[in-house]
Amino acid sequence: MIGLVVAMLLSAGSMALAGPIPGPPVPAPLVPGTPCTATARACADLIGLRAWLFQDGRILRGPVPISIGDELDPTPPGRYAVEWKAKDWVSREYGTPMPYSVFFAPGGIAFHEGSLQTSSYGCIRMERGNAAAFFDYLQVGDEVQVHSDPPVAG
């Protein structure tokens, strides 16, 4: 009987030392005024048609106006990493210039210079100065977040 009590006490002690059972990871806080978390270096809001650059969880540039894909060629929401960059790229599929391209999603989706008056084939287009700033600032591996969530009321 004493052995059973000792075993129970040892077992209870080891459970107490184990600490709380970890739950899901706590998400990084949102950068105020944006739909993206502080881990992102670039953020795009597909609903509000605007984008930002972040440094250490603070807005470095933005919001800047953007043009995105349409129903046939939508801009994919998600969390990505910059894959590669090309300053003077021409689309192989459409034959159109894509200056200051920063590729981040499958299918050749990129931030790049282009008209804000029409939809793209899924890319995020912006005016020349903003496209150049995104190109200069973002590096391969940087996190890009693209959101299509409705704004949170608050």
Side-chain angles (χ1 to χ4, degrees), residues 15-154:
M15 288 190 328
L17 292 175
I21 298 172
V26 177
L30 293 179
V31 174
T34 78
C36 298
T37 66
T39 61
R41 298 275 282 175
C43 172
D45 173 5
L46 302 180
I47 302 292
L49 297 178
R50 54 200 179 147
W52 299 262
L53 291 175
F54 299 155
Q55 182 175 32
D56 301 322
R58 293 183 342 270
I59 296 172
L60 184 65
R61 187 180 189 99
V64 302
I66 60 173
S67 173
I68 61 172
D70 59 18
E71 295 79 27
L72 296 176
D73 296 296
T75 303
R79 178 175 266 161
Y80 305 98
V82 172
E83 296 175 359
W84 61 288
K85 300 172 17 171
K87 188 172 182 180
D88 296 311
W89 189 252
V90 176
S91 168
R92 293 179 182 158
E93 188 171 353
Y94 302 105
T96 57
M98 297 170 55
Y100 301 105
S101 289
V102 179
F103 293 89
F104 62 85
I109 303 298
F111 292 110
H112 66 83
E113 178 187 346
S115 171
L116 300 183
Q117 306 310 310
T118 59
S119 60
S120 71
Y121 292 106
C123 287
I124 297 175
R125 294 190 299 206
M126 50 188 65
E127 296 166 335
R128 181 179 193 83
N130 293 322
F134 273 61
F135 182 85
D136 290 341
Y137 181 70
L138 293 171
Q139 301 301 312
V140 171
D142 284 349
E143 184 176 343
V144 173
Q145 294 178 20
V146 180
H147 287 269
S148 62
D149 318 327
V152 176

Q.
For Glu113, is there an ion pair with Arg128 - N to carboxylate O distance below 4.0 angstrom?
A. yes
Q) So, Ser148 side chain and Pro77 main chain: donor-acceptor pair closer than 3.5 Å or not? A) no
(Q) Could you report the tightest heavy-atom contact between Thr37 and Thr39, atom names first, then the distance? (A) OG1-OG1, 2.9 Å
Q | Leu53 CG to Asp136 CG distance, which is reported to the nearest 0.5 Å | A | 10.0 Å
Q) What's the shortest heavy-atom distance between His112 and Ser101, and which atoms? A) CB-OG, 3.6 Å
Q. Parallel, tilted or perpendicular: which describes the rings of Phe111 and Phe104, with under 30° parallel and over 60° perpendicular?
A. tilted
Q. Is the number of heavy atoms from other residues, nucleotides or ligands under 6.0 Å of Gln55 CD greater than 12?
A. yes
Q. Does any donor atom in the side chain of Arg125 or Ser119 lie under 3.5 Å from an acceptor atom in the other side chain?
A. no
**Q.** Closest heavy-atom pair and its distance - Gly129, Arg61
**A.** O-NH2, 3.7 Å
Q) Cys43: what forms a disulfide (SG to SG under 2.5 Å) with it, not counting sequence neighbours? A) Cys36
**Q.** Nearest atoms (heavy-atom pairs only) where Trp84 meets Val140
**A.** CA-CG2, 4.0 Å
Q. Stepwise, does the side-chain contact (heavy atoms from CB on, under 4.5 Å) test hold for Ile109 with Tyr80?
A. CA-CA 11 Å; Ile109 303 298; Tyr80 305 98; over 6 Å; no
Q.
Which heavy atom of Gly62 sits nearest to which heavy atom of Trp52, and what is that distance?
A. C-CD1, 3.6 Å
Q: Test Val31 against Arg58 for side-chain contact (heavy atoms from CB on, under 4.5 Å), laying out the working first.
A: CA-CA 7 Å; Val31 174; Arg58 293 183 342 270; over 6 Å; no
Q. Which pair of non-hydrogen atoms, one from Thr75 and one from Gly122, has the smallest distance, and what is that distance?
A. OG1-O, 2.9 Å
Q) Roughly how far, to the nearest 0.5 Å, is CZ of Arg50 from CD1 of Ile66? A) 9.5 Å
Q.
Is the terminal nitrogen or CZ of Lys85 (NZ for Lys, CZ for Arg) located under 6.0 angstrom from the six-membered ring centre of Phe135 and within 45° of that ring's axis?
A. yes
Q.
Other residues, nucleotides and ligands only: do more than 12 of their heavy atoms fall within 6.0 Å of CZ on Phe103?
A. yes
Q) Can the ring centroids of Phe134 and Tyr100 be said to lie less than 6.0 angstrom from one another? A) no
